[in-house]
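Scroll down for the structure; my scribbles are underneath it.
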Amino acid sequence: MLGSYHFTVNSSTTPPKTHVSPRMSLNQNPVKTLFSTVTGLLWGSSLPPGLLVSSVRTAWNSSWQLMMSQLAPSDPSGGYSRPASKFRLPTSQFSPEYTLNLHLYIGLPCPWAHRALIVRALKGLEDVIPVSIAAPGQDGSWEFRNTRNADPDILIPGQDNANGCRTLKEVYRLTSGSYSGRATVPMLWDVKRKEVVCNESYDIIDFFNLGLNELALNPELDLAPNSLKGRIEEWNRLIYPNINNGVYRCGFAQSQEAYDCAVNDLFNTLDMVDAHLASSRYLCGDTITLADICLFTTLIRFDLVYNVLFKCTKKKLLEYPNLHGYMRDIYQIPKVAGTCNLSAIKDGYYKILFPLNPGSISPVTPTGCENEVLSSPHNRGFSSSVDKGMQAYAL
């Protein structure tokens, strides 16, 4: 085998002597090799001494607390406290000319950005609202990449198509006022004025739903009809804190007490929603709404990411017959599956959230998250007025 050892021959008049010297493999990490050599000399093949274990554990816990305080701010009990969005949508100021200058920034792993992608697709706004797709960098920030997309039907990270920036933080800094806060997705950008219009996901999807009907290819679809707005708000008040943000409250909990509270809220709410869906195709009856879109983007990530990485382990979504069928039902609506890059979603969590997965090891994709299963008959057994509209749009 090449690369394991290096042989040399002494050229003196004395009988040749063959020397064998270790040669480091090109794939070896020199720091890791040095560490292994030192630890081998100190205590051989036995376990490291208890003092070293406790010291490293204390140092790691302190570092973890520091990283988590920056990644996921917490309240005094150690519970995750999501920061409020800085830029809210001033819908009253919009005009037809103004909307022609809008650009959407998203990241594929983010469930909040995924909401905007889905509503944009269902309403037929792809040509009206161009999009730039950022990828999570090694430091956790959003960055743009010079990649070529061989398959236009698959969304992948690419360049900043509006400003040519290297990172999303640079885009935010272009806005007036020298903004230096969190650079989050989704973000709606005014190309002409070079201003952040909105970075609150629900404001954006609400605007996409009705604010651009004159330009949408599917203006008949209303995901928040007046007759259902009260019920939609009720579902959002339940689902957002306990499921959408609930999985993050589990994963980013910094105390056992905070985790126990979050995980109980999460699964109690999932149980309740699953029971409701036994007799209702969607949350508000036979009409899909914004509340369903918001729930879907968490469900599609549940077994793939949250169940394992965020310690939402009481049940898999696959164990909920109604919820899993409901998720497949929405996934199979034309245009929705095209917004779901499951590989990018998985990599965006396991390879980037270092405090939760220091080795960046990505587990195998669960069977229930493969496209073949997601595309299998959902057997919901309900008729819906949305089906004809979506079929017509697909044609």
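- The two residues His103 and Ser132 have their closest heavy-atom pair at NE2-OG, 2.7 Å.
- The minimum heavy-atom distance between Leu342 and Leu374, with the atom names listed, is CD1-CD1, 3.8 Å.
- Linking ILVMFWY side-chain heavy atoms closer than 4.5 Å, directly or via other members, places Leu215 and Leu223 in a single hydrophobic cluster.
- Here the CZ-CD1 distance, from Arg120 to Ile129, works out to 8.0 Å after rounding to the nearest 0.5 Å.
- The minimum heavy-atom distance between Arg115 and Trp112, with the atom names listed, is NH2-CZ3, 3.1 Å.
- Here the side chain of Arg380 pairs a donor or acceptor atom with the backbone of Arg281 at under 3.5 angstrom.
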Determine, stepwise, if the pair Tyr326 / Phe296 fulfils ring pair (Phe, Tyr, Trp, His ring centres under 6.0 Å).
CA-CA 9 Å; Tyr326 162 86; Phe296 171 81; 8.1 Å; no
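- Here the side chains of Lys346 and Arg301 are not in contact, with every heavy-atom distance at 4.5 Å or above.
- Remark: side-chain polar atoms of Asp292 are not paired, donor with acceptor, to backbone N or O of Ile288 under 3.5 angstrom.
- Side-chain contact between Leu266 and Asn268 is absent, with no heavy-atom pair separated by less than 4.5 Å.
- Using a 4.5 Å heavy-atom cutoff, the side chains of Leu117 and Leu108 are in contact.
- Glu319 places no side-chain N or O within donor-acceptor distance of the main-chain N or O of Lys315, the cut-off being under 3.5 Å.
- With contacts defined as side-chain heavy-atom distances shorter than 4.5 Å, the pair Tyr331/Asp329 does not qualify.
- Side-chain atoms of Cys284 and Ile232, non-hydrogen and from C-beta on, do get closer than 4.5 Å to each other.
- The cluster map of Ile, Leu, Val, Met, Phe, Trp and Tyr, joined by side-chain heavy atoms under 4.5 Å apart, puts Val373 and Val336 in different clusters.
- Aromatic ring orientation, Phe310 versus Tyr349: perpendicular (interplanar angle above 60°, classes split at 30° and 60°).
- Taking 4.5 Å as the limit, some side-chain heavy atom of Arg249 sits within range of a side-chain heavy atom of Cys261.
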Go through the steps to decide whether Val196 and Val171 satisfy the test side chain to side chain contact (heavy atoms under 4.5 Å, CB included), and finish with yes or no.
CA-CA 9 Å; Val196 176; Val171 180; 6.0 Å; no
Under the side chain to side chain contact (heavy atoms under 4.5 Å, CB included) rule, what do Phe208 and Leu122 come out as? Steps first, then yes or no, please.
CA-CA 10 Å; Phe208 283 0; Leu122 293 182; over 6 Å; no
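- Between Ile133 and Phe144, the shortest heavy-atom contact is O-CD2, 3.9 Å.
- Between Leu290 atom CG and Leu283 atom CG the span is 11.5 Å, to the nearest 0.5 Å.
- No single ILVMFWY cluster, assembled from side-chain heavy atoms under 4.5 Å apart, contains both Leu104 and Leu210.
- Under 3.5 Å, the side chains of Asn218 and Lys123 contain no donor-acceptor pair of N or O atoms.
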Begin with the C-alpha distance, continue with both residues' side-chain angles, and end with the deciding distance and a verdict on side chain to side chain donor-acceptor pair (under 3.5 Å) for Ser362 and Lys351.
CA-CA 7 Å; Ser362 183; Lys351 293 186 179 299; 5.2 Å; no
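- Side-chain atoms of Asp303 come within 3.5 Å of backbone atoms of Leu317 as a donor-acceptor pair (strictly under, hydrogens ignored).
- A donor-acceptor pair under 3.5 Å is absent between the side-chain atoms of Gln254 and the main chain of Tyr259, judged by distance alone.
- In the hydrophobic clustering of ILVMFWY residues, with side-chain heavy atoms under 4.5 Å counting as a link, Leu318 and Tyr306 come out apart.
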Start with the C-alpha gap between Val197 and Met187, add the side-chain angles, then the distance that decides, and say whether side chain to side chain contact (heavy atoms under 4.5 Å, CB included) holds.
CA-CA 8 Å; Val197 176; Met187 187 264 277; over 6 Å; no
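- Considering NZ of Lys316 and SG of Cys369, their distance stands at 8.0 Å, rounded to 0.5 Å.
- Scanning both residues, Ile300 and Cys340, for their nearest heavy atoms gives CG1-SG, 4.5 Å.
- The nearest pair of heavy atoms linking Gly368 to His324 is O-NE2, 3.6 Å.
- Looking only at side-chain heavy atoms (C-beta outward), Pro136 and Ser141 stay at 4.5 Å or farther from each other.
- The pair Arg231-Glu233 does not meet the salt-bridge criterion, since no charged nitrogen lies less than 4.0 angstrom from a carboxylate oxygen.
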I'd like a table of donor-acceptor pairs (distance under 3.5 Å, sequence neighbours excluded) in which one partner is a side-chain atom from residues 155-164, with atom names and distances.
residue	atom	partner	partner atom	Å
Gln159	NE2	Asn146	OD1	3.2
Asp160	OD1	Tyr105	OH	2.6
Asp160	OD1	Ala162	N	3.0
Asp160	OD1	Asn163	N	3.1
Asp160	OD2	Tyr105	OH	3.3
Asp160	OD2	Asn163	N	3.4
Asp160	OD2	Gly164	N	3.2
Asp160	OD2	Cys165	N	2.9
Asn161	ND2	Val131	O	3.2
Asn163	OD1	Lys194	NZ	2.9
Asn163	ND2	Tyr105	OH	2.8

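- Proximity of a side-chain donor or acceptor of Tyr179 to a complementary backbone N or O of Arg182 within less than 3.5 Å is detected.
- Once rounded to the nearest 0.5 Å, the distance linking CG of Leu188 with CG of Asn199 reads 10.0 Å.
- The closest donor-acceptor contact from the side chain of Asn357 to the backbone of Tyr350 lies under 3.5 Å.
- Atom-to-atom distance recorded for Lys169:NZ and Trp142:CH2 is 13.5 Å, nearest 0.5 angstrom.
- In terms of modelled atom types and a separation under 3.5 Å, the side chain of Asn307 and the main chain of Cys312 share a donor-acceptor contact.
- For the side chain to side chain contact (heavy atoms under 4.5 Å, CB included) with Tyr282, the lone residue among Ile330, Leu295, Leu228 that qualifies is Ile330.
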Show your reasoning for whether side chain to side chain contact (heavy atoms under 4.5 Å, CB included) applies to Leu270 and Tyr320.
CA-CA 9 Å; Leu270 286 174; Tyr320 286 101; 3.7 Å; yes
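- For the side chain to side chain donor-acceptor pair (under 3.5 Å) with His114, the lone residue among Thr298, Thr339, Thr297 that qualifies is Thr339.
- Counting only distance, with no hydrogens or angles, the side chain of Thr269 and the backbone of Asp265 share a donor-acceptor pair below 3.5 Å.
- Between Thr313 and Val308 the shortest side-chain heavy-atom distance does not fall below 4.5 Å.
- Within a 6.0 Å sphere centred on CG of Asp127, heavy atoms belonging to other residues, nucleotides or ligands number 12 at most.
- Counting only distance, with no hydrogens or angles, the side chain of Asn244 and the backbone of Cys294 share a donor-acceptor pair below 3.5 Å.
- Taken from OG in Ser201 to CD1 in Ile106, the straight-line distance is 13.0 Å, to the nearest 0.5 Å.
- There is a path of hydrophobic side-chain contacts, each under 4.5 Å, that joins Tyr240 to Ile205.
- A donor and an acceptor atom, one from each side chain of Thr175 and Glu195, are located under 3.5 Å apart.
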